[in-house]
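What follows is a set of notes on a single structure, which appears directly below.
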Amino acid sequence: MANIQRAKGMQDVLPEDRNYWDWIIQTAADLARRYGFRRIDVPIIEYTDLFARGMGTASDVFVQKEMYTIAEPDGSSITLRPEYTAGLVRAYIQNGMGSWPQPVKLFTFGPIFRRERPQAGRYRQHSQFDVEILGETDPAADLEIMMLAMNLYRSLGYKGLTFQLNSTGCPVCKPAYINALKAFLADHGDKLAPIDKERLAKNPLRVLDSKEKGMDDLLADAPHIADHLCEDCESHFADLRDLLDALDQSYSINFRLVRGIDYYTKTVFEVWAEGIGAQAAVCGGGRYDGLAEAIGGPSVPGVGFGSGIERIVLGLKEQGIEPPQPDAPTVMVAHFGGVTKTAAVKLAFQLRQAGIGTRLAFARTRRSLKSQMREANKHAIHTVIILGESEVEEGMAAVRPLDGGEQVRIPLAKLVEWLSETRD
RNA sequence: GCGGGUAUGGUGUAGGGGUUAACACGUCUGGUUGUGGCCCAGAAGAUCGUGGGUUCAAAUCCCACUACUCGCCCCA
């Protein structure tokens with residue numbers, strides 16, 4: 001058995017769990033369409049270059065290790081997508097969506113791949129629901145993205161939801177802020193943990209994300225990005241907050257909320273839910289006005305979010321929320337082999353044709369009715385139709401309700417009508 | 001990449017050197033001719049993760065490896 005197992009970090013989604021998935025995806029798609037988003041699907045594989053440019057060079061070495069990259073015989077390099085946004089922006093540019101009515105609002109679902117060490121709620125293949133608005137700078141677009149995310153979790157029944165909101169500035173104002181932050185941290189270098197000193201050197205913004213002891217107090221006095229925003233970012237952020245207020249939507253300004261990649265500009269946000277442990281964030285997103293240019297295209301502003309389905313499922317389970325059960329057959333046809341089996345097979349398909357979900361008993365030889373009844377009971381069947389020799393001879397069916405009630409004989413010709421009137 | 005934990009039938013567990021590895025759930029069959037759930041009886045199903053070592057004897061002790069899992073780093 002030891003050698004028959006799924007690859008590391010991969011997951012089987014068993015039928016029981018799949019109920020959560022279907023429900024989540026259905027809910028999300030309905031919601032997105034109500035907001036005017038349309039579904040798109042892009043390939044799982046893109047040229048490696050697209051992701052390399054999209055991510056920026058800061059985390060290049062690291063990124064290389066986490067991506068599933070394949071060298072093709074023709075010398076090109078392709079990669080299993082580690083995120084959605086770059087591929088969607090590529091599709092926007094390549095398909096000339098710049099000349100569609102703007103903005104273009106898209107959503108999608110599917111797997112993304114990162115070679116990380118697996119952990120609770122984090123796998124090497126995981127699926128995301130991803131939503132983007134491309135070609136729009138209005139803060140109301142940011143609002144729409146945020147509210148779509150929030151309302152998705154609300155629709156699913158999540159409790160204890162909060163918005164964490166911040167602005168990360170833009171290429172005009174961000175560098176000056178980073179310098180101010182660096183200077184501040186350098187002044188307090190003796191108070192930094194080794195890990196934070198490393199972050200300070202590599203990616204100063206990440207120090208804000210530090211969970212080291214004493215950092216809460218220290219960072220309280222650190223410069224806030226909000227005080228360093230340029231005029232454009234400042235007004236964008238103010239407008240967004242006004243709109244949230246207009247909707248009576250509460251949120252927390254979290255100046256320590258930062259996102260890893262370079263391409264984020266202005267708005268960054270996360271939705272947090274209570275009760276799912278260390279991974280409080282069920283989704284993260286933001287604005288990325290510089291991404292399209294970074295990958296070598298025209299300037300196209302964008303804002304969006306991605307949310308991991310596995311993590312949503314985890315949260316639902318921890319909050320004790322169960323998905324609706326999908327329809328399963330409630331009618332079963334039992335028989336005793338031979339001519340009765342032939343009759344049963346014909347009947348089962350007639351019922352299905354008529355829209356009645358039907359389970360057919362299988363049996364290579366004569367099989368006891370007891371075992372067929374037991375089978376019915378295990379599958380929540382509420383009506384067993386028994387076709388024995390005498391029934392077949394007379395063109396009748398013995399209809400046995402399992403939820404109480406008398407067994408009756410119904411002419412086969414009237415069975416569909418009888419079932420739809422009486423049993424559903 | 002770094003650290004912790006765990007590995008026994010399909011699942012969850014018990015057993016801690018000595019003849020047929022136990023229990024529960026699940027699965028299957030039967031409990032008089034063609035009737036479920038409860039109950040009863042029975043059956044199938046494990047070379048005790050892999051490889052080595054100690055021993056007369058290893059599921060049990062030792063070592064290594066692998067896998068799984070939790071956390072750290074990092075997170076698109």
Side-chain angles (χ1 to χ4, degrees), chain A residues 1-11 14 16 46 50-56 58-63 65-67 79-89 112-124 126 128 130 193-196 198-199 202-203 206 209-212 258-264 268 270 277-279 281 283-286 288 291 294 304-308 311 332 334-337 340 361 363 366-392 398-404 406-407:
Chain A
M1 294 301 271
N3 47 350
I4 300 178
Q5 56 185 27
R6 67 186 86 91
K8 187 193 285 290
M10 303 293 151
Q11 292 283 302
L14 271 21
E16 202 167 314
E46 299 277 0
L50 176 72
F51 299 120
R53 289 192 206 172
M55 306 304 170
S59 49
D60 229 5
V61 178
F62 192 72
V63 159
K65 277 196 301 191
E66 298 227 327
M67 296 201 303
T79 291
L80 268 53
R81 64 185 175 212
E83 58 133 4
Y84 253 122
T85 312
L88 289 175
V89 170
I112 67 176
F113 302 84
R114 297 175 205 170
R115 183 164 28 234
E116 299 176 293
R117 192 77 173 265
Q119 277 174 51
R122 187 167 79 179
Y123 308 103
R124 290 183 166 189
H126 78 272
Q128 278 196 356
D130 194 88
I195 181 69
D196 285 322
E198 203 176 308
R199 285 171 172 146
K202 263 167 53 184
N203 190 348
R206 291 229 67 87
D209 206 23
S210 174
K211 288 153 199 135
E212 296 297 317
V258 293
R259 314 228 80 215
I261 41 173
D262 294 350
Y263 62 61
Y264 277 103
V268 293
E270 290 181 352
Q279 321 274 25
C283 105
Y288 46 87
L291 176 59
F305 79 88
S307 183
R311 202 166 283 187
M332 176 166 143
H335 60 85
F336 298 106
T340 66
R366 186 181 180 91
R367 179 176 162 200
S368 76
L369 185 56
K370 178 196 284 283
S371 102
Q372 298 184 64
M373 294 298 287
R374 279 184 171 153
E375 175 183 338
N377 190 247
K378 276 171 204 153
H379 292 95
I381 298 293
H382 68 41
T383 306
V384 177
I385 296 165
I386 303 161
L387 292 185
E389 285 83 359
S390 63
E391 283 82 4
V392 170
V399 180
R400 169 70 202 264
L402 291 193
D403 46 7
E406 292 286 299
Q407 180 164 323

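Chain identifiers are assigned alphabetically (A, B, ...) following the order of the sequence lines, protein sequences preceding nucleic acid strands; residue numbering begins at 1 within each chain. Only a predicted model underlies this, so the values are computations on that prediction, with no experimental measurement involved.
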Residue A/S371, side-chain heavy atoms: nucleotide from B/U29, B/G34, B/G36 that is nearest: B/U29
Side-chain N,O (A/S368) to OP1/OP2 (B/G30) below 4.0 Å: yes
Side-chain donor/acceptor contact of A/Q407 with base of B/G34 under 3.5 Å: no
Nearest-angstrom distance, P atom, B/C74 to B/U69: 23 Å
Nearest listed nucleotide, side chain of A/L369, among B/G37, B/G71, B/G34: B/G34
N or O in side chain of A/R117 less than 4.0 angstrom from B/G3 OP1/OP2: no
Same-atom distance (P) from B/A46 to B/U11, integer angstrom: 13 Å
RNA chain B stem ranges, 3 or more consecutive Watson-Crick or G-U pairs under 3.5 angstrom: B:1-7 with B:66-72, B:10-13 with B:22-25, B:27-31 with B:39-43, B:49-53 with B:61-65
Minimum side-chain heavy-atom gap A/M332-A/Q372 below 4.5 Å: yes
Sugar-phosphate only, base, or nothing, as touched by A/R199 at under 4.0 Å among non-hydrogen atoms: sugar-phosphate
C1' gap between B/G51 and B/G12, integer Å: 28 Å
Nearest-Å distance for atom pair NZ/P, residues A/K378 and B/C25: 14 Å
Spacing of the P atoms in B/C39 and B/G49 (rounded, Å): 33 Å
Check: A/T383 and A/V399 side chains under 4.5 Å, non-hydrogen atoms: yes
Minimum-distance nucleotide (side-chain atoms of A/Q119 versus B/C72, B/C28, B/G37): B/C72
Expected output: side-chain A/R114 to main-chain A/R124 donor-acceptor under 3.5 Å: no
Separation between the P atoms of B/A7 and B/G16, rounded to whole Å: 15 Å
Side-chain N or O of A/K370 closer than 4.0 Å to phosphate OP1/OP2 of B/C28: no
Note, A/F336 side chain near A/L369 side chain (heavy atom, < 4.5 Å): yes
A/M373 vs A/L402 side-chain heavy atoms within contact, under 4.5 Å: yes
Atom C1', compared across B/U8 and B/A76: separation rounded to whole Å: 42 Å
A/I386 side chain, from C-beta outward: closest of B/G36, B/A76, B/G34: B/G34
Option passing side chain to side chain donor-acceptor pair (under 3.5 Å) with A/S371 (candidates A/R367, A/R374, A/E375): A/R367
No-H, no-angle donor-acceptor pair, A/R206 side chain to B/C73 base, under 3.5 Å: no
Most 5' of A/E116 and A/A7 on RNA chain B, judged by nearest nucleotide: A/A7
First of A/R6 and A/Y84 reached from the 5' end of RNA chain B, by closest nucleotide: A/R6
Contact under 4.0 Å: A/K8 side-chain N or O vs B/C68 OP1/OP2: yes
B/C63 to B/U19 separation - C1' atoms, rounded to the nearest Å: 29 Å
Residues A/R366 and A/E389 bridged, charged N to O under 4.0 Å: yes
Inter-nucleotide P distance (B/A41, B/C23), Å rounded: 13 Å
Close side-chain approach of A/D209 and A/R199, heavy atoms under 4.5 Å: no
N/O (side chain, A/R366) to phosphate O (OP1/OP2, B/G34) under 4.0 Å: yes
Any donor-acceptor N/O pair under 3.5 Å between B/G37 base and A/R374 side chain: no
